[in-house]
Participant: 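My questions will all concern the structure given below.
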Amino acid sequence: MKLQRYGATNSLELERLSRVVRVSLCATLAWIAATTILMQAVAAQDSSPAFSADAQVTAALRQISAARIQSTIEKLVSFQTRSTLSAQDPSSIASGHGIGAAREWIKSEFERYARDCGGCLEVKLDSFTEAPGGRIPKPTEITNVYAVMKGTDPESAKRVVLVTGHYDSRNSDNLNITDFAPGANDDGSGTAVSLECARVLSHLKFSATIIFLTVAGEEQGLNGSHHFAQMAKAAGWNIEAALNNDIVGGDRSPQQDTSTVRVFSEGVPLAASDADLRLIRSLGGESDSASRQLARYISEVGRTYEAGVKPMLVFRLDRYLRGGDHSSFNEQGYAAVRFTEFREDFNHQHQNVRTENGVEFGDLLKFVNFDYVASVARLNAATLASLASAPAPPSKVHLLATKLENDSTLTWDPPLGGRAASYEVLWRATTSPEWEHAQAVGNVTRTTLPTSKDNVIFAVRAVDNQGHRSLAVTPLPER
C-alpha cells in the first residue's frame with residue numbers, strides 16, 4: 001500500500017510538472033518568435049554603415065601602378081635637391097637640377113595626362129613671392145602646380161575635393177640648397193600619389209570637381225599650402241575635402257606595418273570661433289569636426305574597396321607636436337586630413353645622406369616600398385572618386401530640442417544640385433570613434449527615431465540613386 005500511495009502521488013506530481021513544462025516551453029517559443037520578428041524588423045531598418053562599391057572605381061583602382069609610382073619618385077630624386085630655396089633659373093632647369101626643374105617636370109606630367117584624356121585636365125600654376133622670415137632668408141618664388149578636372153554637373157562642379165603632396169625636399173640643414181636632398185619618401189611619395197591619382201581618375205567622369213595638387217615650401221613652413229588655401233578661401237571655393245599625403249613611402253624598416261596607413265584629423269577645428277567653441281563644449285562635439293567626418297568617410301571607403309592598405313584613424317591634428325600641409329586648409333575652415341605611413345624612420349628624414357657607425361642616413365629611394373605607396377594611392381583615389389560621385393551633403397541639419405523627450409527628431413534641407421534620392425541617419429555611442437548604426441529614412445527632410453539624443457551622436461548624409469553617399473553632417477540644436 002505504501003508503495004501504491006507513493007506511486008500515485010509521484011504520478012500526480014509528474015503530471016503537474018509536465019503541464020508546467022509544456023506551458024513554460026510554449027511561452028519560451030512564443031518569446032523567441034516575437035524576439036525574432038522584432039530583430040528582423042530592426043535589422044531591416046538599422047544596420048552598420050556600409051558603402052556600395054562602384055564598378056568603375058574598382059576598375060580604376062586596378063590601373064594604379066607601383067612601377068609608375070617608382071618611376072615618378074626616381075625622377076623626383078634625380079633633381080638632386082628640391083629645396084624651395086634651390087635654383088629656378090633657366091640653365092638649372094635645362095640641366096635638370098633644383099626645384100625649378102622639378103616644377104617644370106611635374107607640370108609636364110599633368111599636361112601629358114591632360115592630352116591622354118582629351119583635355120579633361122586644366123593645368124595651372126599658383127606662383128607667389130614669399131617675403132623673408134623664418135626659414136625664408138630672402139624673397140623667394142614659390143610655385144604650386146595643380147590640375148583641375150571639372151565636374152560634369154554644372155551645380156555639383158562647384159564642389160571640390162583635392163589630393164596633395166609637397167614636392168620640395170631638404171637635408172639636415174634646411175638652408176643647404178646645393179647638397180643632395182633626395183626626398184624620396186618625404187615627400188616624393190606624396191607627390192607620386194597626387195600624380196598617379198590624376199593619371200588614373202582623369203579617364204573617368206565625376207559630377208564634382210577634383211583638384212590634383214602638388215605644393216612647395218612645406219619644409220620652409222607650409223608656405224605653398226598656406227597660400228593655396230588662402231587663395232581658395234578668397235575665391236569662395238567650396239572645398240569639401242583635402243587629402244594630404246606626406247611620408248607615405250612605407251619605409252622599409254623591420255617594424256613597419258605595410259597593411260596600415262595613419263589618417264590624422266583635427267578634433268576641435270582650428271578655425272573655430274569663440275561661439276563655436278562654446279557650442280562644441282556644450283554638445284560634446286569635440287570629435288565631430290568636418291575633418292573627423294572626412295576621416296570616418298575614409299574608413300568606410302577602406303572597408304568598401306580593396307586598396308591593399310587599411311586606414312588607421314588617429315584623432316589628433318598631426319603627429320605629436322608636428323605639422324603638415326593639411327593644417328593650412330584646416331585654418332581656412334576646410335575639412336582636411338593627413339595620410340602618413342604607420343612607422344616613420346627618422347634616420348631617413350631631414351638627414352644628409354651618409355653612413356655613421358654602420359647606420360645609413362638619408363631619404364633614399366631604396367628605403368621606399370613602392371607597392372605600399374600604390375596601396376595608399378588606391379585608398380586616396382577611391383575616396384576622391386566616392387566623394388566626387390556623391391551628392392552634396394544635406395544642409396541646415398538640426399536636432400530638435402524644444403522639449404524634453406527621449407525620442408530624437410532631426411530635420412534638414414536637401415543639398416544643392418538635386419542629386420539626393422534619399423537620406424540616412426547615422427548614430428554612435430558618445431564613446432565610440434566611428435559610426436555604428438545607419439538607418440535609411442527615404443526621400444524626406446524630417447525623421448524621428450526612438451533613440452535618446454542624450455546617449456548618442458547623430459548625423460545625416462545624402463544618398464543618390466546609385467548608392468553614392470555624401471559626407472555626414474552632425475546636427476545643430478534647434479530650440
Side-chain angles (χ1 to χ4, degrees), residues 46 48-49 51 159 161 238-242 263 265-301 313 315-317 329-330 333-337 383 386-387 390-402 405-416 420 422-441 444-463 469-479:
D46 175 22
S48 297
F51 279 21
R159 299 167 46 226
V161 295
N238 178 20
I239 298 178
E240 281 188 7
V263 180
S265 60
E266 67 174 2
V268 177
L270 289 175
S273 66
D274 289 343
D276 293 331
L277 294 174
R278 286 193 295 271
L279 184 61
I280 288 169
R281 283 193 291 267
S282 67
L283 299 177
E286 292 86 355
S287 190
D288 283 281
S289 66
S291 297
R292 242 349 108 77
Q293 306 309 347
L294 174 56
R296 293 184 177 106
Y297 191 97
I298 293 166
S299 182
E300 291 187 79
V301 168
L313 305 191
F315 283 180
R316 57 168 37 125
L317 174 62
F329 293 91
N330 290 149
Y334 294 126
V337 298
T383 302
S386 297
L387 286 166
S395 62
K396 298 180 181 178
V397 182
H398 288 100
L399 180 57
L400 300 191
T402 54
E405 57 182 342
N406 285 310
D407 288 351
S408 297
T409 298
L410 295 107
T411 66
W412 57 90
D413 285 355
L416 295 175
S422 62
Y423 301 89
E424 288 180 341
V425 175
L426 310 177
W427 68 95
R428 70 180 198 278
T430 59
T431 53
S432 297
E434 297 194 52
W435 300 115
E436 299 172 308
H437 307 280
Q439 182 166 319
V441 296
V444 299
T445 56
R446 180 188 179 104
T447 191
T448 299
L449 284 78
T451 303
S452 173
K453 63 184 74 64
D454 294 335
N455 303 330
V456 302
I457 304 290
F458 284 109
V460 181
R461 67 185 176 197
V463 186
R469 290 163 168 82
S470 75
L471 288 168
V473 181
T474 52
L476 294 174
E478 182 175 314
R479 299 181 186 275

Participant: So, for S282 and L279, which heavy atoms are closest and what is the spacing to 0.1 Å?
Facilitator: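 What the structure gives for the nearest pair is OG-O, 2.8 Å.
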
Participant: If you measure from CD on Q439 to CG on L449, what distance do you get to the nearest 0.5 Å?
Facilitator: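 These two atoms lie 4.5 Å from each other.
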
Participant: What orientation do W427 and H437 show, parallel under 30°, tilted 30 to 60°, or perpendicular over 60°?
Facilitator: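 W427 and H437: parallel rings.
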
Participant: I'd like to know if the side chain of K453 reaches the main chain of D407, judged simply by a donor and an acceptor atom lying under 3.5 Å from each other, with no hydrogens or angles considered.
Facilitator: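 Yes.
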
Participant: Just how far is it from atom CG of L416 to atom OG of S395, taken to the nearest 0.5 Å?
Facilitator: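 If I round to the nearest 0.5 Å, the distance is 6.5 Å.
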
Participant: Measure the shortest side-chain to side-chain distance between V473 and V460 over non-hydrogen atoms and say whether it is less than 4.5 angstrom.
Facilitator: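 SC-SC contact between V473 and V460 ruled out.
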
Participant: Would you say T445 and P394 make side-chain contact, with heavy atoms under 4.5 Å?
Facilitator: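 The answer is no; the side chains never approach within 4.5 Å.
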
Participant: Before you tell me yes or no, could you show the steps for L387 and L294 under side-chain contact (heavy atoms from CB on, under 4.5 Å), namely the whole-Å CA-CA distance, both residues' side-chain angles and the distance that decides it to 0.1 Å?
Facilitator: CA-CA 10 Å; L387 286 166; L294 174 56; 4.1 Å; yes

Participant: Would you compute the distance between atom OG of S408 and atom CG of D454 and round it to the nearest 0.5 angstrom?
Facilitator: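 S408 atom OG to D454 atom CG measures 8.0 Å (nearest 0.5 Å).
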
Participant: Might you work through the side-chain contact (heavy atoms from CB on, under 4.5 Å) test for N238 and E240, ending with a clear yes or no?
Facilitator: CA-CA 6 Å; N238 178 20; E240 281 188 7; 4.2 Å; yes

Participant: Could you give the distance from CG (L399) to OG1 (T474), rounded to the nearest 0.5 Å?
Facilitator: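 Atom-to-atom, L399:CG and T474:OG1 are 10.5 Å apart.
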
Participant: Going by the rule ring pair (Phe, Tyr, Trp, His ring centres under 6.0 Å), which residues pair with Y423 if we only count those two or more places apart in sequence or in a different chain?
Facilitator: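 Y423 satisfies ring pair (Phe, Tyr, Trp, His ring centres under 6.0 Å) with W412 once adjacent residues are dropped.
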
Participant: Using the side-chain contact (heavy atoms from CB on, under 4.5 Å) definition, which of the options L283, D288, I457, V397 pairs with P475?
Facilitator: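 Between P475 and the candidates, side-chain contact (heavy atoms from CB on, under 4.5 Å) is satisfied uniquely by V397.
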
Participant: Distance check, rounded to the nearest 0.5 Å: E266 atom CD versus F329 atom CZ?
Facilitator: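 It is 13.0 Å, given to the nearest 0.5 Å.
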
Participant: Give the minimum heavy-atom separation between P415 and P393, together with the two atoms involved.
Facilitator: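 Nearest heavy atoms, P415 then P393: CB-O, 3.2 Å.
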
Participant: Would a 4.5 Å heavy-atom cut-off, applied to side chains only, mark L400 and R446 as touching?
Facilitator: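 With C-beta onward as the side chain, the pair touches.
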
Participant: Starting from the C-alpha separation in whole Å, work towards a yes-or-no answer on side-chain contact (heavy atoms from CB on, under 4.5 Å) for E478 and T402.
Facilitator: CA-CA 7 Å; E478 182 175 314; T402 54; 5.6 Å; no

Participant: Grab the two heavy atoms, one from R316 and one from R292, that are nearest each other, plus how far apart they are.
Facilitator: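 Scanning both residues, the minimum pair turns out to be N-NH2, 3.6 Å.
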
Participant: Just how far is it from atom OG of S289 to atom CG of L270, taken to the nearest 0.5 Å?
Facilitator: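 Going from OG on S289 over to CG on L270, the span is 9.5 Å.
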
Participant: So does A336 get a backbone contact from the side chain of S291, meaning a donor-acceptor N/O pair under 3.5 Å?
Facilitator: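 Judged by distance alone, yes, a pair lies under 3.5 Å.
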
Participant: Salt bridge check, R461 against E424: does any charged N sit closer than 4.0 Å to a carboxylate O?
Facilitator: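 The answer is yes: the pair qualifies as a salt bridge.
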
Participant: Output yes when a side-chain donor or acceptor of S470 lies under 3.5 Å from a complementary backbone atom of A462, and no otherwise.
Facilitator: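 Judged by distance alone, yes, a pair lies under 3.5 Å.
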
Participant: Is a side-chain N or O of R469 found less than 3.5 angstrom from the main chain of S386, in a donor-acceptor match?
Facilitator: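 No.
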
Participant: If I compare all heavy atoms of V337 with all of A295, which pair ends up nearest, and what's the gap?
Facilitator: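 Shortest heavy-atom separation between V337 and A295 comes out as CG1-N, 4.2 Å.
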
